[in-house]
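To start, the structure itself, in structure tokens.
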Amino acid sequence: MQMTKLLNAKELQGIKLIAGMAGMDRDATLIGMIEAPDIESYLFSGQLLVTTGYHYYQHIDRLKELIKKMAAIGCAGLGIKANRYFKQIPTDIIQLANTLKFPLLLTPAEEPLSQTVSSLIQVVIQADALKLSRVIQQNQTLSKLALNNTKFNIVLDQCATYLKHDIVLLDSHFRVCYANRQIWDQREKLSSQLRQTSQLDYLSLSKETTVQCGQHDVHIFPLMVMYPENKSFIGIFDLETLTSTQQLQLQQIQNIISLMNSRTDVRKEDTGHQRNEFFSNVVTGRIRGQLSEQQPAKLAVDLSKNCYCALLGLKPAQTGVLLFLNQSEQIRRLTDWFIDEYQIAATSFVFQQQLILIISATQNPVHFLEALANFLKKSFGDRYLLKIGLSHAKFPAAQLPTLYQEAQEAYTLAEQSDKVMQRFRPKEVSELLQLIPHNEAQSFINETLGPLLHLKNHQEVADLLQTLQLYLYNHQQINLVAKQLFIHRNTVVYRLKKTSEILNIDLKDPAIAQRLQVALLLTQSNQ
């Protein structure tokens with residue numbers, strides 16, 4: 001209870017303030033009587049002490065030291081019984097109390113000191129009971145608002161009235177989501193100032209702190225949340241030292257807003273699970289066609305436009321380290337935070353305990369994934385290795401199964417290498433041909449080129465095959481083939497005619513030309 005209000009109580013009209021008027025905003029939380037000269041060892045903030053003056057009237061310097069210590073430690077004031085041992089308070093004592101802004105009182109001479117102490121205690125207790133009753137009533141009001149799904153800005157308006165300070169609700173990016181009425185229109189400006197000047201790692205912030213916002217001090221209080229990645233905070237502007245009542249009010253406000261914010265957490269997680277289910281059905285082919293007509297709300301990527309696909313997963317860095325089922329969801333929440341923090345055109349979902357990313361083709365996927373990998377590494381440390389597979393192709397999300405297969409193959413390569421990220425590399429034609437079983441490839445070669453390959457003159461075979469290959473490669477331009485082989489045009493014509501006769505085919509037939517090209521590539525591959 002402030003000293004000003006305390007001395008205004010009708011039960012205490014006999015107590016007079018004789019010095020320290022500038023310190024009447026001090027709070028009196030406990031009343032005590034000085035009964036021993038070593039009271040200096042037992043001082044604490046908020047004490048209002050009274051004394052007969054017995055220990056000090058012959059030791060003024062000791063009284064001076066007591067006043068200095070009480071003022072420094074935050075005591076509320078000192079009362080001296082009038083006309084008992086002090087017939088008059090020394091001028092230098094009054095000057096000292098005024099200098100230190102420390103209330104110095106005279107208690108009634110005709111009233112026993114014990115009665116004075118009793119009256120002081122009664123007034124403080126009654127005031128505290130009234131405050132407690134008011135705080136309980138305020139808590140009931142806020143609780144009703146929260147249970148009735150009242151909007152955040154209305155609840156914050158009520159909180160600002162109780163605290164007599166502006167208040168905001170911040171998300172995990174230190175952006176102002178809601179504010180009381182007086183500063184409602186300043187949300188964007190406040191968000192910008194808080195994010196630019198706070199220099200805080202707000203994703204990891206778990207303790208009360210104070211930051212600058214323009215010309216104001218903002219006291220930040222973390223709220224209770226379901227998941228560390230979905231942090232939220234309340235910020236209170238220009239909050240001075242809190243009284244015990246204000247501390248209780250603030251704790252209640254934190255609890256109520258945490259309760260309201262937990263519903264936001266639930267909705268956010270529900271949205272994430274719906275996204276998982278939708279895209280899992282797309283990957284497995286159960287949802288096809290025009291996805292933009294069926295897509296979940298609030299996606300950062302346009303499913304009708306080209307996009308890349310990436311697959312992220314963790315593997316233990318050493319034996320004995322375990323993976324847990326909820327880690328894929330933890331990666332998703334962290335990744336969603338990163339995407340939202342840096343406004344990336346991408347969306348995430350979990351499929352088969354791995355994180356899948358759909359990245360808009362307008363983004364540089366390699367740059368984004370490298371930055372994301374560095375961010376995630378800070379969260380998971382050295383116990384786990386992050387592996388990433390990235391598709392080479394970019395298609396609309398309707399072709400997500402194809403993109404996913406590429407990302408999955410690239411992820412397998414990343415797991416088998418020391419690199420964090422691998423990108424799918426399309427196979428060359430020669431690599432694809434090597435996938436054909438040897439016996440089937442040999443049968444196709446024999447069927448297509450067999451009569452030519454079995455000629456006894458090996459040099460002739462080589463010349464005919466080389467000429468045929470260049471002829472097909474150069475789109476049947478005989479002059480260009482002759483130039484590349486450094487032979488006469490007629491020689492090229494002769495060799496092609498002989499090849500046609502040996503194989504009994506028409507080289508100008510497109511289907512025949514296609515079979516010949518494949519057979520020649522298979523021959524080279526086998527060699």
Side-chain angles (χ1 to χ4, degrees), residues 306 308-309 361 365-366 389-396 399-417 419 422-527:
N306 283 346
Y308 300 97
C309 178
V366 174
L390 173 63
S391 71
H392 175 82
K394 50 182 179 180
F395 299 129
Q399 298 186 47
L400 186 58
T402 301
L403 295 172
Y404 172 75
Q405 288 299 324
E406 286 193 3
Q408 192 175 48
E409 286 191 37
Y411 180 82
T412 301
L413 290 175
E415 282 190 308
Q416 298 168 355
S417 71
K419 295 182 177 180
Q422 290 280 6
R423 190 165 190 177
F424 180 80
R425 182 176 67 86
K427 291 181 172 57
E428 300 291 342
V429 174
S430 58
E431 292 179 293
L432 292 172
L433 292 175
Q434 288 177 4
L435 298 177
I436 301 174
H438 180 74
N439 59 332
E440 293 185 19
Q442 194 59 51
S443 296
F444 185 82
I445 293 170
N446 289 336
E447 181 182 346
T448 308
L449 297 174
L452 178 60
L453 295 175
H454 293 128
L455 293 176
K456 294 181 179 180
N457 188 333
H458 297 297
Q459 184 58 51
E460 184 181 18
V461 172
D463 291 341
L464 293 177
L465 287 176
Q466 186 183 36
T467 303
L468 177 61
Q469 184 178 21
L470 287 174
Y471 174 72
L472 296 172
Y473 181 80
N474 289 304
H475 306 291
Q476 302 179 348
Q477 296 184 49
I478 294 175
N479 290 336
L480 187 55
V481 174
K483 184 177 180 180
Q484 291 175 349
L485 290 176
F486 302 100
I487 59 177
H488 196 276
R489 183 181 187 281
N490 291 342
T491 304
V492 175
V493 172
Y494 168 77
R495 289 180 180 178
L496 292 174
K497 182 178 179 181
K498 188 169 185 179
T499 300
S500 178
E501 290 173 352
I502 293 171
L503 298 178
N504 193 25
I505 56 174
D506 181 2
L507 291 177
K508 293 183 179 181
D509 186 329
I512 296 296
Q514 188 179 60
R515 286 178 60 85
L516 289 171
Q517 283 182 308
V518 173
L520 289 168
L521 287 170
L522 284 172
T523 302
Q524 292 175 345
S525 176
N526 286 350
Q527 290 174 349

L452 side, atom CG; K498 side, atom NZ - distance, nearest 0.5 Å = 9.5 Å
Backbone of C309 reached by a side-chain donor or acceptor of S391 within 3.5 Å = yes
Closest approach of I478 and Y471, non-hydrogen atoms and distance?
-> CG1-CE1, 4.2 Å
Is there a side-chain contact between L465 and L453 (heavy atoms, below 4.5 Å)?
-> yes
Check the pair I512 / L503 against side-chain contact (heavy atoms from CB on, under 4.5 Å), numbers first and verdict last.
-> CA-CA 11 Å; I512 296 296; L503 298 178; over 6 Å; no
Check: V492 and L470 side chains under 4.5 Å, non-hydrogen atoms | no
Is the count of non-hydrogen atoms from other residues, nucleotides or ligands lying under 6.0 Å from E460 atom CD greater than 12?
-> yes
Start with the C-alpha gap between R495 and I487, add the side-chain angles, then the distance that decides, and say whether side-chain contact (heavy atoms from CB on, under 4.5 Å) holds.
-> CA-CA 11 Å; R495 289 180 180 178; I487 59 177; 3.7 Å; yes
Are side-chain heavy atoms of N474 and Q484 found at a separation under 4.5 Å?
-> yes
Q422 side chain vs Q416 backbone, donor-acceptor pair below 3.5 Å = no
Indicate yes or no for a side-chain donor-acceptor contact from E406 to the backbone of A393 under 3.5 Å, with no hydrogens or angles considered.
-> yes
Is N504 atom CG crowded by more than 12 heavy atoms from other residues, nucleotides or ligands, each under 6.0 Å away?
-> no
A414 backbone acceptor or donor facing S417 side chain under 3.5 Å | yes
Side-chain touch R423/P365, heavy atoms, less than 4.5 angstrom | yes
What do the steps show when you test L464 against L455 for side-chain contact (heavy atoms from CB on, under 4.5 Å), and what is the final call?
-> CA-CA 11 Å; L464 293 177; L455 293 176; 4.1 Å; yes
Nearest-0.5 Å distance that lies between atom CG in L507 and atom CG in L468 | 6.5 Å
Can any side-chain N or O of S500 pair as donor or acceptor with the backbone N or O of L496 at less than 3.5 Å?
-> no
Going from OH on Y494 to CG on D463, what distance comes out if it is rounded to the nearest 0.5 angstrom?
-> 11.0 Å
Determine, stepwise, if the pair Y308 / L403 fulfils side-chain contact (heavy atoms from CB on, under 4.5 Å).
-> CA-CA 7 Å; Y308 300 97; L403 295 172; over 6 Å; no
Enter the distance from L520:CG to T448:OG1 here, rounded to the nearest 0.5 Å.
-> 9.0 Å
Nearest-0.5 Å distance that lies between atom CG in D509 and atom CD in Q514 | 10.5 Å
Could you give the distance from CG (L480) to CG (L485), rounded to the nearest 0.5 Å?
-> 9.5 Å
For N490 and H488, the nearest pair of non-hydrogen atoms, with its separation, is N-ND1, 3.0 Å
Distance only, no hydrogens: is a donor on one side chain within 3.5 Å (strictly under) of an acceptor on the other, for Y473 and Q469?
-> no
